[in-house]
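Input: a single structure, listed below in structure tokens.
Every value quoted in this text rests on a predicted model; they were computed, and no experiment measured them. Numbers restart at 1 for each chain; the letters A, B, ... are given by sequence-line order, proteins then strands.
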Amino acid sequence: MTSDPSNLQIAAAFDELADLYELDGAIVHRVLAYRGAAKAAREATVSIAALTRQGTVTSLPGIGKTLEEKIVALLDTGEIPAAVKLRAKYPAGLLEMTRLPGLGPKRARRLFDELGIESLAMLRAAAEQQKLRDVKGFGAKFEQSVLSSIDAGIGERPAQRVLLHRALTAGEQIVAALRAHPAAERVELAGSARRQADSVKDLDIIATASDPGALVRALADLELIESASAPNENAARGRTHTGLPVDLRVVAPENFGNLLQHFTGSAAHNVALREAAVRRGLHVSEYGILDDATGETLRCATEEEVYERLGLTYPEPELREDRGELAPGFVAPRLVTVEDLRGDLHMHTTASDGRNTIEEMARAALAHGYEYIAITDHSATHGFGDHVTPDELMRQIERVADVNERLGGAIRVLAGTETNILPSGAPDYDDELLAQLDWVIASVHTSFGMPAEEMTKRMVAAIEHPWIDAIGHPTGRKISSRQPYALDVDAVIDAAARSGTMLEINSAPDRRDLNDVHARAAVEGGVTLLIDSDAHGAERLEHVRWGVATARRAWVEPAHVANTRPWPQFAALRKRARK
DNA sequence: GCCGTTTTCGGCCCGACTGTTTTCAGTCG
């Protein structure tokens with residue numbers, strides 16, 4: 001018996017089934033049911049395999065009797081029979097083909113049935129030989145489009161997504177530049193960038209203007225924009241120099257709220273919002289709210305009006321993922337902000353792989369308005385050459401004391417470490433040394449490939465260690481480049497709550513680890529979170545913005561975060577304060 | 001395939017665009 005599939009693997013199996021059923025011509029609602037189940041699996045904070053064995057998996061939204069059976073089959077045999085059958089029927093190349101613009105599952109299926117086309121290569125050949133136009137519904141224009149799409153490499157890989165910090169930095173500059181235009185009135189970023197998602201695929205900007213045509217044409221002239229075109233007086237589409245698509249829509253002021261709400265999404269949020277509206281006899285679109293009873297359409301100048309008309313509490317954009325923000329009893333959380341943070345407990349200096357000295361980091365943190373920071377260089381076995389030996393760590397403690405003296409108490413600098421969690425679960429300094437520090441954060445940097453059970457044991461051992469105050473980047477994921485290591489996050493949360501060990505939201509823009517779903521589960525499990533920059537240079541202290549973004553998506557309030565507290569209260573949360 | 005202030009069947013968000021088509025299905029966001 002191999003180990004159970006992770007929630008992410010189960011979600012992937014459902015997504016695959018959705019694609020296969022779609023090719024097979026299933027009704028769209030059945031396909032959407034599988035996609036919904038995949039979302040539920042990705043966002044579940046407990047092990048779906050475990051729930052299934054307990055017989056309670058159907059308590060998850062969107063998972064009923066049939067999907068339960070399919071999970072059981074996956075657990076027992078490692079396969080879902082329907083998927084095996086459908087894979088044999090529809091070659092994998094068909095799914096690649098559906099990545100081309102204008103070619104969805106229905107049309108791909110038709111080409112497969114009538115011409116036997118089952119790969120991008122065969123599709124390309126048929127387009128070149130002008131054979132596609134023989135099939136009803138296909139013409140010369142489509143053949144052209146196929147050739148140019150395949151030549152552009154579309155189809156070989158999924159659409160590129162850009163990390164939030166890059167997209168949002170560009171998006172904010174574009175918004176600022178548009179706001180400075182004389183024709184501009186309101187200009188706001190929408191879409192996944194506004195929701196502070198992990199990554200985005202384009203920027204959506206919604207505006208009102210005294211002269212819409214002038215604003216729309218102005219997009220092309222912005223320094224950040226490589227090229228743009230305006231198909232009409234109210235919309236422009238462009239690309240930044242890094243290739244990020246930008247959509248600008250100018251709308252009448254009385255409709256601004258409807259458009260901003262619509263284009264902020266998420267898709268799942270909007271679908272749930274509209275379903276809730278239909279139950280009240282209302283129909284929501286980007287143009288307004290149509291009332292069945294009166295036949296009139298209400299146009300909303302602000303988003304607040306949209307939610308108010310629907311009888312819903314306004315949810316901050318970060319919450320709009322259909323994760324309970326539309327539920328009847330929803331109470332808007334007071335989300336944590338960068339300004340709430342009073343300290344940063346994870347950063348590096350020249351002693352390991354950082355670029356600045358202790359004093360430089362301390363002065364930068366002081367300028368940032370912090371009351372306290374911890375210096376946490378990499379430990380003895382970091383393995384990248386830039387580690388701190390036990391002797392060196394002793395000298396580091398003295399250097400921190402010197403800096404504290406020189407700064408005259410303006411900021412409190414803690415002598416700490418980011419100690420490696422060895423495969424055994426032990427830290428790589430001995431307890432006597434850890435006891436002399438002010439602060440210990442522990443992280444996994446090696447042996448990522450352990451099975452979930454061993455990795456969980458390793459992590460729980462570290463969490464239960466008497467001198468480890470917090471776990472750094474607990475799942476090891478790197479957004480769009482590295483999967484989290486196999487880990488029972490629920491068991492980690494339990495252990496952290498029991499032992500009073502903090503779990504970090506690491507703010508490195510490609511980590512944001514814990515992620516939004518896990519951070520929310522941690523808070524619900526009674527864990528105190530920590531939001532850290534993991535800065536390797538003084539200017540990177542600003543990165544806490546991205547950790548805060550993840551925290552906000554996790555419904556996190558200031559009280560859930562240790563480093564929003566003044567020093568005496570924070571100090572008391574450390575394990576060493578309880579000895 | 002799921003689900004219930006429409007409760008065990010019959011619904012399941014909304015609209016624009018596209019290319020191919022004489023009225024629209026499929027795709028996309």
Could you check whether A:Arg520 makes a cation-pi contact with A:Trp555, meaning its NZ or CZ is under 6.0 Å from the centre of the six-membered ring and within 45° of the ring axis? yes
side-chain hydrogen bond (donor to acceptor under 3.5 Å, both in side chains) between A:Glu118 and A:Tyr90, worked out: CA-CA 8 Å; A:Glu118 58 175 58; A:Tyr90 305 110; over 6 Å; no
Checking all strands, does A:Lys201 fall into the base, sugar-phosphate, or nothing category for heavy-atom contacts under 4.0 angstrom? nothing
Once you apply a heavy-atom cut-off of 4.0 Å, does A:Ala140 come out as touching a base, just sugar-phosphate, or nothing? sugar-phosphate
Please determine whether a side-chain nitrogen of the Lys or Arg among A:Asp204 and A:Arg249 lies less than 4.0 Å from a carboxylate oxygen of the Asp or Glu. yes
Identify, between A:Leu60 and A:Phe263, the residue whose nearest nucleotide on DNA chain B lies closer to the 5' end. A:Leu60
Indicate, with a heavy-atom threshold strictly under 4.0 Å, whether A:Leu100 touches base, sugar-phosphate, or nothing. sugar-phosphate
At a heavy-atom distance below 4.0 Å, which nucleotide of DNA chain B is the first touched by chain A, and which is the last? B:dG1 to B:dC28
Answer yes or no on whether A:Arg320 is positioned over the face of A:Tyr314, meaning its NZ or CZ is under 6.0 Å from the six-membered ring centre and within 45° of the axis. yes
Any-strand Watson-Crick or G-U partner of B:dT8, both distances under 3.5 Å: none
Give one of base, sugar-phosphate or nothing for A:Val28, where a contact means two heavy atoms less than 4.0 Å apart. nothing
Within the 4.0 Å heavy-atom criterion, would you say A:Val31 contacts the bases, only the backbone, or no part of the nucleic acid? nothing
Which residue lies more 5' along DNA chain B, comparing A:Asn232 with A:Pro101 via nearest heavy atoms: A:Asn232
Does anything in residues 320-327 of chain A reach DNA chain B, meaning a heavy atom under 4.0 Å, and if so which residues? none
